2 protein chains.
Amino acid sequence: MLNHVRALRKKHGMTQAALAEAMGVSRNTINSIEVGRYVPSLPLALCLARFFGKPVEEVFDDQHEQSSSHNL
Amino acid sequence: MLNHVRALRKKHGMTQAALAEAMGVSRNTINSIEVGRYVPSLPLALCLARFFGKPVEEVFDDQHEQSSSHNL
DNA sequence: GCAGTATGTCAAGCATACTTGGCACATTGG
DNA sequence: CCAATGTGCCAAGTATGCTTGACATACTGC
């Protein structure tokens, strides 16, 4: 699951900690999503997309994900 | 987390079992999402939205959710 | 009455999202 | 030199998405 969280966050001039607080999650959660350790929940994905003013599909690329085969 | 999965599924003339198979998940998963027992993962939400030809935001309403207070 | 289909729900188990708290490293500026 | 800031990562614990398998209900048509 590719995502553009890091690029969008930097475009907003925010740190991981600041974005985390804005989303109501921990810094570790934002960091883990940015580096691809796991994919966010739907509520968090909606929250991030809304925050960045973009549709969820533009922030998260489920199509050409590189990661290991089986999804969900 | 409100969603329009049931309405969209019926609009496609499908059963829960058929939609489940199309999404690659169990019937129980589709049923649980429709009746609001839990919200789907982001990959499944993207898959459902893509299947119905709608943006994720139109299938899942995070804004006016009725469910129990704290999110994520 | 009985079989088949569609739905709702439960329990137990596994996978994973998210938490707190901590540590390491690099960069920057006093 | 030293402190502060930003980032990456780890461990252990909790919450929840998803699974299989099963059972109950209702409806339909033979």
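Please read all numbers here as calculations on a predicted model, not as lab measurements. Quick note on labels: first sequence line is chain A, next is B, and so on, each numbered from 1. Below, each value reflects all heavy atoms present in this structure, side chains not excepted, and no hydrogens, waters or symmetry copies.
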Check against side chain to side chain donor-acceptor pair (under 3.5 Å), T29(B) and S26(B): CA-CA 5 Å; T29(B) 295; S26(B) 70; 3.0 Å; yes
Side-chain N,O (S26(B)) to OP1/OP2 (dT19(D)) below 4.0 Å: yes
Protein proximity profile, nucleotides 7-12 of chain D - base contact B, sugar-phosphate-only contact S, no contact -, cut-off 4.0 Å on heavy atoms: BBBBB-
Protein-nucleotide distance (L19(B), atom CG; dC18(D), atom P), rounded to Å: 13 Å
Whole angstrom value for the distance that separates C1' of dT16(C) from CE of M1(A): 13 Å
Polar side-chain atom of E57(B) near backbone of V56(A) as donor-acceptor pair, under 3.5 Å: yes
Heavy-atom donor-acceptor pair, N3(B) side chain to I33(B) backbone, under 3.5 Å: yes
Nearest atoms (heavy-atom pairs only) where F52(B) meets V5(B): CZ-O, 4.1 Å
Qualifying salt bridge (Lys or Arg N to Asp or Glu O under 4.0 Å) pairs, either residue in residues 3-14 of chain B, two or more places apart: R6(B)-E34(B), R9(B)-E34(B)
OP1 or OP2 of dC18(D) under 4.0 Å from side-chain N/O of S41(B): yes
Closest heavy-atom pair and its distance - Y38(B), N28(B): OH-O, 4.4 Å
Integer-rounded Å distance: dG17(D) P and F60(B) CZ: 12 Å
Rounded distance (Å) that lies between atom C1' of dT16(C) and atom OH of Y38(B): 14 Å
I30(A) CD1 to dT20(C) C1', straight-line distance once rounded to whole Å: 16 Å
